[in-house]
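All chains are named by letter (A, B, ...) in the order of the sequence lines, taking the proteins before the strands, and each is independently numbered beginning at 1. Because the structure is a prediction, the values reported are computed rather than measured.
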2 protein chains.
Amino acid sequence: MVTVDGMALGRDYATQECSIARALEVVGERWTLLVIRDALYGVRRYNDFLVHLGIPRAVLAARLQTLTAEGILDKRRYQESPPRDEYVITDRGIALWPTLRSLGLWGREHFGEAPLRTFQHSVCGTELGTYGECPTCATAVPVEDVVMVPGPGLDPDPADPISRILLKPKRLLEPIEQPAAADPV
Amino acid sequence: MVTVDGMALGRDYATQECSIARALEVVGERWTLLVIRDALYGVRRYNDFLVHLGIPRAVLAARLQTLTAEGILDKRRYQESPPRDEYVITDRGIALWPTLRSLGLWGREHFGEAPLRTFQHSVCGTELGTYGECPTCATAVPVEDVVMVPGPGLDPDPADPISRILLKPKRLLEPIEQPAAADPV
DNA sequence: GAAGCTGATTCAATGAATGAACCTAGGGTG
DNA sequence: CACCCTAGGTTCATTCATTGAATCAGCTTC
């Protein structure tokens with residue numbers, strides 16, 4: 001019975017007086033930032049996260065709950081019969097875009113061979129800078145004005161349906177289109 | 001086959017074709033980003049990381065080894081007798097500054113009460129923007145021109161000596177001054 | 001030669017992640 | 001009604017990572 005309410009010593013970064021440590025307590029767990037990335041891409045449903053991330057179900061359920069509790073995702077009912085919920089990213093989650101943008105750019109520059117996806121300003125088509133700004137327009141670009149454009153490094157025939165949908169250019173935050181009916185090729 | 005040897009399936013984010021996932025495979029483990037943060041603050045020695053982070057020794061050793069192998073830290077000898085090594089952040093590690101800056105700002109804005117530290121452009125004193133740029137000078141600020149200034153939210157009498165040194169304003173990357181001799185109060 | 005500093009490694013106990021199986025509630029079809 | 005399907009989970013045994021304490025090794029100073 002070593003239970004301590006909230007956060008126990010040794011399990012978090014409690015001794016760190018630092019906003020970075022604070023942030024990492026919220027989004028620093030395994031899978032969490034990838035869930036937020038997917039939410040920015042427009043993924044909203046349990047099953048879509050599941051197949052796109054290849055995450056264990058138990059971990060996904062735990063992360064969705066934590067992120068909802070932290071105000072990063074918003075769990076909302078999108079149909080009543082049968083009752084179905086979706087997880088929509090909030091402003092607090094959207095505010096992580098500069099972090100994810102710069103992290104992705106770092107990964108691409110230092111570890112990527114071919115650019116997998118580029119992110120462009122929908123107004124002018126310029127690729128975004130390090131933190132998600134537009135070098136051409138010299139302004140911060142609202143996340144809803146960012147277009148994700150798949151690059152040549154992507155697998156042209158991925159296994160899961162969400163990756164297949166993400167092969168087409170797409171605005172961030174825009175919900176991914178659900179396949180209307182089973183219509184096998 | 002996107003497999004990179006050294007990473008086993010299921011333990012990493014191998015199925016993710018994404019630069020963010022790639023980056024998180026390198027810096028996404030527990031403690032790793034805090035080690036890099038400390039390295040940016042000028043921490044270089046095993047013992048300084050140890051006492052400042054409150055990290056288990058085994059984990060610190062593992063992280064330092066991984067980060068050195070990934071080219072984020074550079075292990076170099078700083079004295080021969082007795083042989084002593086220090087871990088100095090590389091350009092690849094410095095390139096993570098925008099990520100850490102935006103993550104810290106997010107943590108402060110959404111979870112922090114009082115600003116713990118501010119980061120200013122040494123040339124003009126302006127607080128940096130989201131990704132570490134200077135709004136006044138309208139330029140990207142090299143990390144060595146960033147001054148970390150402690151804020152009012154910090155514990156004025158922290159336990160470990162590194163935190164005590166970090167109570168004074170200090171340029172990033174500049175190595176922390178080692179206490180010359182034991183001089184107890 | 002005893003003690004100290006630095007930079008580690010080893011080890012038992014705990015906690016988290018994984019993957020497979022199972023569960024629930026509501027629909028749709030025959 | 002029986003049956004299968006889908007969406008969104010929970011449960012559980014196994015594996016893996018983290019933790020904190022103890023120990024170690026090289027070198028120096030007293």
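Side-chain N/O atoms of B:Tyr78 include one lying less than 4.0 angstrom from OP1 or OP2 on C:dG7. Proximity of A:Arg63 to the phosphate of C:dA17: a side-chain N or O atom is located under 4.0 Å from OP1 or OP2. The phosphate of C:dA8 has OP1 or OP2 within less than 4.0 Å of a side-chain N or O from B:Tyr87. For C:dT18, the OP1/OP2 oxygens have a side-chain nitrogen or oxygen of A:Trp31 closer than 4.0 Å.
A:Leu60 has its CG atom 18 Å from the P atom of C:dA16, to the nearest Å. Between B:Leu50 atom CG and D:dA21 atom C1' the separation is 13 Å, expressed in whole Å. Atom-to-atom, CD of B:Gln79 to C1' of C:dC5 comes out at 10 Å; the value is rounded to the nearest Å. Rounded to an integer number of Å, the gap from CG of A:Asp48 to P of D:dT6 is 14 Å. Rounding to whole angstrom units, CD of residue A:Glu86 and P of D:dG9 are separated by 12 Å. Between A:Leu34 atom CG and C:dA17 atom P there is a gap of 13 Å when expressed in whole angstrom units. Atom CD of A:Glu25 is separated from atom P of C:dA16 by 14 Å (rounded to the nearest Å). Summarising the geometry, the separation between CD on B:Glu29 and P on D:dA17 is reported as 8 Å, rounded to the nearest angstrom.
Interface remark: the A:Arg57 side chain does not form any donor-acceptor pair with the C:dG19 base, using a distance-only criterion of under 3.5 Å. At a cut-off of 3.5 angstrom, the base of C:dA17 holds no donor-acceptor pair with the side chain of A:Arg30.
Interatomic distance, OG1 of A:Thr32 versus CD of A:Glu70, reported as 10.0 Å (0.5 Å rounding). In this structure, the separation between CG on B:Leu67 and CD1 on B:Ile72 is 5.0 Å, given to the nearest 0.5 Å.
For A:Tyr46, counting side-chain heavy atoms from C-beta on, the closest listed nucleotide (D:dT19, D:dG9, C:dG7) is D:dG9. Among the nucleotides D:dG20, D:dT28, C:dG26, the one closest to any side-chain atom of B:Ala58 is D:dG20. Side-chain proximity of A:Arg45 to the nucleotides C:dA17, D:dG9, D:dG8 is greatest for D:dG8. Comparing C:dG7, D:dT28, C:dA8 by their nearest atom to the side chain of B:Asn47 picks out C:dG7.
When heavy atoms are screened at a 4.0 angstrom cut-off, B:Phe49 is found touching no nucleic acid atom at all. Among the atoms of the strands shown, none is found under 4.0 Å from any heavy atom of B:Ala62.
Both cation-pi conditions hold for A:Arg92 and B:Phe111: the charged atom is under 6.0 angstrom from the six-membered ring centre and inside a 45 degree cone around its axis. Figure legend: cation-pi geometry between B:Arg45 and B:Tyr78, with NZ or CZ positioned under 6.0 Å from the six-membered ring centre and within 45° of its axis.
Position along DNA chain C of the nearest nucleotide to A:Pro56 versus B:Gln65 favours B:Gln65 as the more 5'-ward residue.
A salt bridge links B:Glu127 to B:Arg101: one of the charged nitrogens lies within less than 4.0 Å of a carboxylate oxygen.
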